[in-house]
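Worksheet for the structure shown next.
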Protein chains: 2
Amino acid sequence: MLNKTRGRPRGNPDTKAAIAEAARVLFLRHGYKGTTVRAVAAAAGVDQALISYHFGSKQGLFGESLNLLCARPGALDHALVGDRAGLADRLITAVTTLWDATAPTENRMALQDDDTMRAFRDYLESELLVRLAEFLGGPDATARATAAVGVIGGLIFTRYLNPLRPIAALTPAEVRRVFGPALRAAL
Amino acid sequence: MLNKTRGRPRGNPDTKAAIAEAARVLFLRHGYKGTTVRAVAAAAGVDQALISYHFGSKQGLFGESLNLLCARPGALDHALVGDRAGLADRLITAVTTLWDATAPTENRMALQDDDTMRAFRDYLESELLVRLAEFLGGPDATARATAAVGVIGGLIFTRYLNPLRPIAALTPAEVRRVFGPALRAAL
DNA sequence: CGTTTTATTCAGCACGGTTGAATATTGCCC
DNA sequence: GGGCAATATTCAACCGTGCTGAATAAAACG
């Protein structure tokens, strides 16, 4: 696209990382649909085709550049150790700290397109739910984990994805107080 | 597209309604992104251009063909009369019957449309929340109503808007059993 | 050194939403 | 009732998007 000579470049620049970084910024700012492959390529100073080459598809780019952030594996891990009594509070705290950090108020609505939803869903379903059930143990572990995921999903939805003013305005401590009983009941 | 003579057709066929109906079916079956304007036009037996003409845009079509179903006002009203003990169950039942009816089993769609989200949010915020707080009464009525809306929002989100398989697969009775404790705790 | 592998640009395809022009029908007004 | 604007429709084309295959140049490896 831009007169950079064809063929492999000199040195070994980590172009893939550069693309991923540019993509991360743009995805957070404009959402999935609002970010074109060409725009990412331009921001990274490379040709559009490189994205397909390195990441296979726009989906792949999205996953590799953002999943680390949103569905950061192990982000909730330290909530899943310790006593059962404090579990609910630890989970809520983990959720609020994680999301309050990654989504700085303005850019929350950008996470509303369907591909983000899918990534998020997969995370809740195959990561959080099974881990929780594992941690809980017992006969109705799955049912209780399901209920808990429902409550946590509700928190994330009503506070971050489609923020209701009264819920988004709460401080983390208030969130704990408001959602705590429900989550404890679910577990 | 198909050799139908150009210009205005005979009689006054309600083509706009036909398009909306075809769109409703396809949107429910394939979701927003998976439904092309051309496909809707073909299903309705008209030219693609007509949908821009009648609805302005694909978004507009989406809104007009589906919004009526989701934001049905007063749908939860009869849950808000009666004793406090059965309130949680009545609310959950109202939600499941309402949404199970509008989205035929398998193909729950992802409502990622901005306008739909906003309408839904406004409904939860200014209808359900204040009504609930009113019904509950007492000093911390608002806090408890907020928590309840969070739980209900979680149910709707994880079962209908962005359906997690384990939750979407539950029967209404199971939903009551799983979400009941959390909602009762919130109230 | 020669060969294979890898990283890159370039040109272009296929598809999706939208638009402007052409055209036929209805509905209104005198 | 006849003329004329408004309306509803098709057709053809545009522009942006994600993606792909060919060409090419540097690196990696023997």
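Letters A, B, ... are given to chains in the order of the sequence lines, protein chains preceding strands, and every chain is numbered from 1. Atoms considered below: every heavy atom in the structure, side chains included; atoms not considered: hydrogens, waters and symmetry mates.
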Shortest non-hydrogen separation from A:Thr96 to A:Pro172 and the atoms involved: OG1-CB, 4.2 Å
No-H, no-angle donor-acceptor pair, A:Arg38 side chain to D:dG18 base, under 3.5 Å: yes
Among C:dA7, C:dT9, D:dA12, the one nearest B:Gln48 by side-chain distance: D:dA12
Distance in angstrom units between A:Lys58 NZ and D:dG18 P, rounded: 4 Å
Euclidean distance, atom CD of residue A:Gln59 to atom C1' of D:dG18 [Å, nearest integer]: 12 Å
Interatomic distance, B:Leu61 CG vs C:dG16 P [rounded to whole Å]: 15 Å
Pi-cation contact, B:Phe27 with B:Lys58 (under 6.0 Å, within 45°): no
Spacing of B:Arg6 atom CZ relative to C:dA24 atom P, expressed in whole Å: 8 Å
Of residues 7-20 of chain A, the positions that come close to DNA chain D - non-hydrogen atoms, cut-off under 4.0 Å: A:Gly7, A:Arg8, A:Pro9, A:Arg10, A:Gly11, A:Asn12
Nearest atoms (heavy-atom pairs only) where B:Ala182 meets A:Val151: CB-CG2, 3.8 Å
Sugar-phosphate only, base, or nothing, as touched by B:Ser52 at under 4.0 Å among non-hydrogen atoms: base
Separation of D:dG21 P from A:Asp47 CG (nearest whole Å): 15 Å
Distance, rounded to the nearest Å, where A:Tyr32 contributes OH and D:dT17 contributes C1': 11 Å
OP1 or OP2 of D:dT7 under 4.0 Å from side-chain N/O of B:His54: no
Charged N-O contact under 4.0 Å between B:Glu174 and B:Arg177: no
Integer-rounded Å distance: C:dT19 C1' and B:Leu50 CG: 13 Å
Qualifying residues under side-chain contact (heavy atoms from CB on, under 4.5 Å), relative to B:Ala39, sequence neighbours excluded: B:Leu26, B:Thr36
Flag side-chain contact, heavy atom, 4.5 Å: A:Ile156 against A:Tyr160: yes
Spacing between A:Phe55 atom CZ and C:dT8 atom C1', to the nearest angstrom: 14 Å
Along DNA chain D (nearest heavy atom to each residue), the more 5'-positioned of A:Thr36 and A:Ala49: A:Thr36
Salt-bridge present (B:Arg6, B:Asp47; N to O < 4.0 Å): no
Candidate nucleotides D:dT10, D:dA13, C:dT9, ranked by approach to the side chain of A:Val46 - the nearest: C:dT9
